[in-house]
Structure formats: structure tokens, C-alpha cells
Number of protein chains: 2
Amino acid sequence: MPSDPRSEIPPRSGTAFELRKGQTLTVIDVRGEQVADLLAFDREDIHEVISSGRTLDYASRIYLTTGDLLYSNRSNVMLEIVADDVGRHDFLLTPCSKDTFRIIYGDTDPHRGCFGNLAAALEPYGVTEDMIPVAFNCFMNVPVDGTTGELRVDPPLSKAGDTVTFVAHRDLIIGLTACSALQSNNGSFKPIAYEISG
Amino acid sequence: MPSDPRSEIPPRSGTAFELRKGQTLTVIDVRGEQVADLLAFDREDIHEVISSGRTLDYASRIYLTTGDLLYSNRSNVMLEIVADDVGRHDFLLTPCSKDTFRIIYGDTDPHRGCFGNLAAALEPYGVTEDMIPVAFNCFMNVPVDGTTGELRVDPPLSKAGDTVTFVAHRDLIIGLTACSALQSNNGSFKPIAYEISG
């Protein structure tokens, strides 16, 4: 483990890195109320990627927390949540993008969003835009009305220093952002930190 | 329009076909309580495909019905729901597969499921297994508990002869099944019919 294991992702940006089988990844909401979109691809075959549809089906739950497994599109376990200070994350919505800002916010010169940041960070690993699925959105608070099906994007429940920790069940390429959508982050853009250990 | 426009998909099977821009596709639950998984790919570039994550984000709702738009992974409108007898469909869960039956049902010699049926039907169009996302699951009834996030797969609300109708906003390749999972179809496997017009 390096002497300073903590890395920081500046506001409205993203990064990508390898996470080896057995290593843990801790995502840290440095200032509170900040979302981090997380993607995981198999290191040996990047066409295997985390799948919200498989994961939610196997969990029989849309809100995941400690003990829950994140499955791939081929039904293999990619990550396991092993610690969670917050207990509310989203696995329904795609990363915010130019189109999100255009369609939902009406922006005329939209930011590239988490989608563009993930695409740029993952491009050296061979990931193309069309290969980016629904991300596991750490700290994103999306309550669903069980009767009408309506969903809202509410302020995250995370406070400064809160973390969620994953262990890798195989060698992975991780994409991770400090989310770029105002609504998801209670109106301000903040950094995200992360630590790898093991 | 052909003289008999109705086609039938036998129980636990699937098919694929072209749907031109402006044409309508009506999915018919012939006997009631039967799910049909629907996929739509752009005919000119099959890497563009319906996206649950984009669609639910733009709709701000997990249950879709008449008037709702189904978006692609590139945020283009693929299909619009123009008529709906039932009002309850699922867009959270991936097509049932060998892995679904192994992991959820504990089957030792599992059926290939909607996933295998869709992969086989779409293979002539160049679609591979890894390109199959969350399907729009017509008539599938997946209530979500808004507090705990728990989801159930309940019997469909559809009765014999109920339909849901889509209009294509671009030229598409459609994959469609008569779903193979016992739980989704209240314990029996039944056919699905469909009609194309326009």
C-alpha cells in the first residue's frame, strides 16, 4: 500500500484504474452530498460489465448496501459491498450526459457529464461510449413511489467523510466520477476521494 | 398489410423482425397473465439500443404507459407507447436466462430463457449476447416497495386479449418473446401474439 493511499477526483471529472481481485475500493464523500458514478469492467474482457438488471433481479431489491453483490451482464459477481455508512445509492439511472442536461435541464451548451468523463477515462482501456451501461451511483438518492412509480432525485444522505467500500471478486477496470449533475448533488459540485487497499 | 396480420410466438420462445419508422407494433397477451420481453435496436446501427437507464431518467418514473417514450443508449427516441390496456410493465430487470434459473430457481438443467431466445433470434442481425440490455418487459408486474426498495415479481395484471401498442420513431430491429420464467407468468407458459401495421 502506498504511503498516501487516498486519491482525489476533482469536481465534475472522472478517472479509471485497475482493481485487482481481493482488493478493496473505498469511495469517500469528502464534503458530503456528492454522488460518485461507478462502473466496473472485467479486466480480461471489457465486454463483461456490471449490470443493473441482473443485480436488481438477483437481489430482489433496488437499494443495495453492505453484503450485496454487483453482478455482470454474464451473471458473474464483480463487486461486493463490504461497508456502507450511508445505505442509499442508486442503480436505476444512466450517468448524466450532454443529453441529460439538454433534455432534463434545457442546457444549450451542456457539460459532457459523468458519461463523457467516464468515456474519456475508460477510452485507453478500449471502452467505447456504447459500452457504458447504468452505473452504480454511490450516494445518489433516488426515492421511488411504489404506487405511481414516480422517482425523484433528492439530495444525497451522505455527510462529509462518509464512505462505501467494495471488494473486487475478479480483476477489474473501474470507472469513477465526481458527479456533474446539479440536482444529484444538492446544487453544488464537490470532489470525491477514493482509496485502494489489499 | 397482409391479410392475416397476426403472428404468434409459441410459449418459451422468441422472434425478431424489422419495424419501420411510423409502423405500429401491437403486443397481445392472448390468454392473459403472460409477459413478453421486448428489445429494439436501430436498424442502421445495432449498437444503438433501448436503454432503461436513460428512459427512466427522462420519464422520472419506473412504470411506463401510453404517451411515454423509450429512449436509446444515445438518447434518441426509439419507440413510443401509443395504447395500453394494462398500464403495468417492467423496465428494471434483464431477460430471464440460464443464470436466472440457476441463481433464483436453483435449476440444474436450466432453460435458455428469454435471454437465449432473444440472442438466437437476433443473431442474424449481428446482435451478440453482450449487446442485450434490460428489456422492456410488456405485462411484467414488478411492484417496488418505496421504503425498503424490495421488489417482487407478481402475476401480470393483463387479461386475455389485452394489448400494448408502440409506434417506431426510426427503423428498428425488434426482439420479442413469450417469457420463459414461471414466476413472471403466474406459473404457466403461454403464447404471445403481435401485429404490425402502417
Side-chain angles (χ1 to χ4, degrees), chain A residues 45-49 51-65 68-69 71-77 87-100 102-104 115 128-135 137 142-153 181 184, chain B residues 45-49 51-65 68-69 71-77 87-100 102-104 115 128-135 137 142-153 181 184:
Chain A
D45 183 350
I46 54 167
H47 294 283
E48 181 162 8
V49 61
S51 164
S52 62
R54 296 239 173 267
T55 299
L56 303 183
D57 200 2
Y58 300 148
S60 292
R61 207 164 353 94
I62 61 168
Y63 302 134
L64 305 181
T65 187
D68 282 322
L69 305 171
Y71 284 86
S72 75
N73 54 338
R74 299 180 193 164
S75 294
N76 294 309
V77 177
R88 177 57 65 91
H89 314 280
D90 170 69
F91 207 9
L92 297 181
L93 305 181
T94 35
C96 62
S97 68
K98 277 191 178 185
D99 297 307
T100 314
R102 179 177 54 79
I103 294 172
I104 297 185
F115 186 80
T128 63
E129 289 192 349
D130 286 339
M131 293 163 63
I132 295 180
V134 171
N137 302 306
V142 182
V144 174
D145 182 315
T147 306
T148 64
E150 288 182 14
L151 60 84
R152 293 195 318 272
V153 178
S184 303
Chain B
D45 182 351
I46 53 166
H47 294 283
E48 181 161 9
V49 60
S51 164
S52 62
R54 296 238 172 267
T55 299
L56 303 183
D57 200 2
Y58 300 149
S60 292
R61 209 167 349 95
I62 62 168
Y63 302 134
L64 304 180
T65 186
D68 283 321
L69 305 171
Y71 285 86
S72 76
N73 54 338
R74 299 179 195 166
S75 294
N76 295 308
V77 177
R88 177 57 64 95
H89 315 281
D90 170 69
F91 207 10
L92 297 181
L93 305 181
T94 34
C96 61
S97 67
K98 276 191 179 185
D99 297 305
T100 314
R102 177 177 55 78
I103 294 172
I104 297 184
F115 186 81
T128 63
E129 289 192 351
D130 286 337
M131 294 164 62
I132 295 179
V134 171
N137 302 307
V142 181
V144 173
D145 183 314
T147 306
T148 64
E150 286 182 15
L151 59 83
R152 295 194 316 273
V153 178
S184 304

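It should be emphasised that the depicted structure is a prediction, and the values quoted were computed from it without experimental measurement. Just so it is clear: chains get the letters A, B, ... in the order the sequence lines come, proteins before strands, and each one is counted from 1. Values below: all heavy atoms of this structure, side chains included; hydrogens, waters and symmetry mates excluded.
Using a 4.5 Å cut-off on side-chain heavy atoms (C-beta onward), A:T148 and B:Y63 make no contact. Within the 4.5 Å cutoff, the side chain of B:D130 has heavy atoms near those of the A:R74 side chain.
Looking only at heavy-atom pairs under 4.5 Å with chain B, the residue among A:V153, A:V144, A:V142 that has the most is A:V144. Counting heavy-atom pairs closer than 4.5 Å to chain A, the top-ranked of the candidates B:V134, B:T55, B:I104, B:V49 is B:I104. When B:I132, B:L64, B:I62 are compared by the number of non-hydrogen pairs under 4.5 Å with chain A, B:I62 comes out ahead. If you tally non-hydrogen atom pairs under 4.5 Å between each of B:S75, B:P95, B:S72, B:C96 and chain A, the highest count goes to B:S75. Top candidate by heavy-atom pairs under 4.5 Å with chain B, chosen from A:G146, A:S97, A:G53, is A:G53.
Across every non-hydrogen atom of B:T94 and A:S51, the tightest pair is CG2-OG, 3.9 Å.
Contacts of A:F91 with chain B are absent, with no heavy-atom separation under 4.5 Å from either backbone or side chain. Neither the backbone nor the side chain of B:T128 comes within less than 4.5 Å of any heavy atom in chain A. In this structure, no portion of A:P133 lies under 4.5 Å from any heavy atom of chain B. With a 4.5 Å cut-off on non-hydrogen atoms, B:T147 touches chain A through its backbone but not through its side chain.
For the atom pair CG (A:L93) and OH (B:Y58), the distance works out to 10.5 Å, reported to the nearest 0.5 Å. The CG atom of B:L92 sits 6.5 Å away from the CG atom of A:L56 when rounded to the nearest 0.5 Å.
Applying the salt bridge (Lys or Arg N to Asp or Glu O under 4.0 Å) criterion to B:D145, with sequence neighbours excluded, gives no partner residue. Applying the side-chain contact (heavy atoms from CB on, under 4.5 Å) criterion to A:S60, with sequence neighbours excluded, gives B:L151.
Salt bridge annotation for B:R54-A:D99: absent, with no cationic side-chain nitrogen under 4.0 angstrom from a carboxylate oxygen.
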